Amino acid sequence: MDTRLYDTVIVGGGPAGLNGALYLGRSRRRVLLVDSGDARNMAAGVMHNVLTNDGAAIADFRARSRAQLASYDVTFREDEVVSAESGGDHVVVTTKESGTVRARTLLYAAGVRSVLPPVPGLADLWGKTVFECPYCHAWEVRERRFAVYGGGVPSECLASTLTVWSDDITYLTDRRALPQDERDRLTAAGVPVLADGVRELRPHPEGVEVVFTDGRSIPYGALFLHLDMEPRVAPLRPWLEAPDLESVQSDDRGRTSLPRLYVAGDLGRNMQQAAMAAASGGLAAMAINADLIREDRPGSLPEPPPPTPAR
């Protein structure tokens, strides 16, 4: 058991957790960052839309970030958090390999998990020629022929957005009956609909080959789709008593209605983009630092607004 009392334990070593650690480290806080190393965006390999890091390898970005944090009182631990709960005036965090640690606050930035549809071959191409975010990946495949898979989660708005990068887009329903409003939006965007069942996806020199249930196949430069997301909050369940962290987030700086618990990144009120996640980590860290100052020196800072009701 680690007997030190940290100011903050951060769960998650992506942009939100790393930037939170930077802010807190520069605030002379003792920080432990626990990272399981299985972030959702690792399949893409590179990151985009982050100034000075556009196109940077994600692994390299993380390594450089950790190197910069070495100047501060930030400890890294490659481990998995299995539980976190209130201990009254502190938080008790239990990890799979290292046991239990205590901290005055917990910044939870573990992100979300993408739920891929059960289309054979899709998982193998995920992050390579099958994507979700047009702002992250469409530039690299611009002016190619796109397929948009709408057989699981409706993706007609994604198809409309992608018309900026390609004028040859087909919407694949995989036999799902489209409601009229979805069909109307596709018609307005000039995106044709193909209702055939999708049997599998295969690699192709052009990008991805879609094989239909009747045996036909069509190559595309890329396939895009919206996905369901699972919040990675299992370690918090007994403490949280809510389906997700967004429902208990009480302000735009990551505070929650649960004392000493803060949230940043994809689990909070932010778009799932690296730059925005990093910004949320910085905001949460400032909230943590202010609240710790207030705890140590009552009256030195104004009280934050009361928590908003859970939605």
Side-chain angles (χ1 to χ4, degrees), residues 38-45 48 111-234 243-244 246 266 271-273:
D38 59 346
R40 182 172 64 102
N41 66 347
M42 292 300 285
H48 291 288
V112 298
R113 181 176 289 107
S114 299
V115 182
L116 300 178
V119 177
L122 189 150
D124 294 335
L125 298 173
W126 178 241
K128 303 177 179 70
T129 55
V130 176
F131 310 108
E132 182 173 27
C133 176
Y135 296 99
C136 300
H137 302 290
W139 170 263
E140 282 67 35
V141 292
R142 64 194 182 279
E143 300 181 356
R144 300 184 193 178
R145 177 164 55 176
F146 293 168
V148 176
Y149 183 78
V153 181
S155 301
E156 78 279 7
C157 292
L158 174 59
S160 298
T161 301
L162 284 164
T163 58
V164 173
W165 290 275
S166 173
D167 57 6
D168 189 349
I169 300 173
T170 302
Y171 194 73
L172 309 180
T173 72
D174 198 8
R175 294 179 174 170
R176 181 174 65 87
L178 302 186
Q180 192 59 48
D181 60 342
E182 186 176 346
R183 190 175 292 276
D184 288 345
R185 282 190 284 269
L186 291 164
T187 299
V191 175
V193 173
L194 186 57
D196 302 54
V198 175
R199 190 175 74 193
E200 65 176 314
L201 304 183
R202 297 173 180 168
H204 190 276
E206 291 185 24
V208 55
E209 180 181 24
V210 179
V211 182
F212 298 94
T213 52
D214 63 4
R216 294 181 305 116
S217 65
I218 301 176
Y220 296 93
L223 183 143
F224 287 82
L225 74 165
H226 275 324
L227 299 172
D228 282 325
M229 300 292 175
E230 290 181 347
R232 301 179 66 172
V233 295
D244 53 45
E246 188 177 359
D266 295 350
M271 290 182 63
Q272 292 163 356
Q273 300 279 331

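Side chains are part of it too, since the values below use all heavy atoms of this structure and drop only hydrogens, waters and symmetry mates. Everything numeric in this text was worked out from a predicted model, so none of it was measured.
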- Distance, nearest 0.5 Å, that separates CD of Glu230 from OG of Ser114: 9.5 Å

- Message: Can you see whether Thr213 engages Arg175 through a side-chain donor-acceptor pair at a distance of less than 3.5 angstrom?
- Response: yes

- Item | Listed once per pair and sorted, the salt bridge (Lys or Arg N to Asp or Glu O under 4.0 Å) pairs that draw on residues 209-219, sequence neighbours left out | Asp196-Arg216, Asp214-Arg216

- Message: So, applying side-chain contact (heavy atoms from CB on, under 4.5 Å) with Leu186, which one of Thr173, Val191, Val148 is it?
- Response: Val191

- Task: Tell me, please, which residues at least two apart from Thr161 pass side chain to side chain donor-acceptor pair (under 3.5 Å).
- Result: none

- Item | With sequence neighbours excluded, residues passing side chain to side chain donor-acceptor pair (under 3.5 Å) with Asp124 | none

Taking side-chain contact (heavy atoms from CB on, under 4.5 Å) as the test, write out the residues that go with [X], two or more places apart.
{"X": "Thr170", "answer": "Leu172, Pro192, Leu194, Tyr220"}
{"X": "Pro231", "answer": "Val233, Asp244, Leu267"}
{"X": "Pro179", "answer": "Arg176, Asp181, Glu182"}
{"X": "Val164", "answer": "none"}

- Task: Before giving the answer on side-chain contact (heavy atoms from CB on, under 4.5 Å), spell out for Leu116 and Leu225 the whole-Å C-alpha distance, their side-chain angles and the decisive distance to 0.1 Å.
- Result: CA-CA 10 Å; Leu116 300 178; Leu225 74 165; 5.9 Å; no

- Please list, chain by chain and in numerical order, all residues satisfying salt bridge (Lys or Arg N to Asp or Glu O under 4.0 Å) with Glu200, sequence neighbours excluded. Arg202

- For Ser160, does its backbone N or O pair with a side-chain atom of Thr163 as donor and acceptor, under 3.5 Å? yes

- Query: Does the Ser166 side chain pair with the main chain of Asp168, one donor and one acceptor, at a distance under 3.5 Å?
  - Reply: yes

- Task: Could you tell me which residues satisfy ring pair (Phe, Tyr, Trp, His ring centres under 6.0 Å) with Phe224, sequence neighbours excluded, listed by chain and number?
- Result: Phe131, Phe146

Any side-chain heavy-atom pair from [X] and [Y] closer than 4.5 angstrom?
{"X": "Met229", "Y": "Arg113", "value": "no"}
{"X": "Pro203", "Y": "Thr129", "value": "no"}
{"X": "Leu158", "Y": "Pro134", "value": "yes"}
{"X": "Cys136", "Y": "Gln273", "value": "yes"}
{"X": "Trp126", "Y": "Leu201", "value": "no"}

- Name all pairs fulfilling the ring pair (Phe, Tyr, Trp, His ring centres under 6.0 Å) condition that reach into residues 153-193, sequence neighbours left out, sorted by first residue then second. Tyr135-Trp165

- Query: So which pairs with a foot in residues 176-219 pass ring pair (Phe, Tyr, Trp, His ring centres under 6.0 Å), sequence neighbours left out?
  - Reply: none

- May I have all residue pairs that pass side chain to side chain donor-acceptor pair (under 3.5 Å) and include part of residues 136-156, sequence neighbours excluded? Tyr149-Asp174, Glu156-Arg185

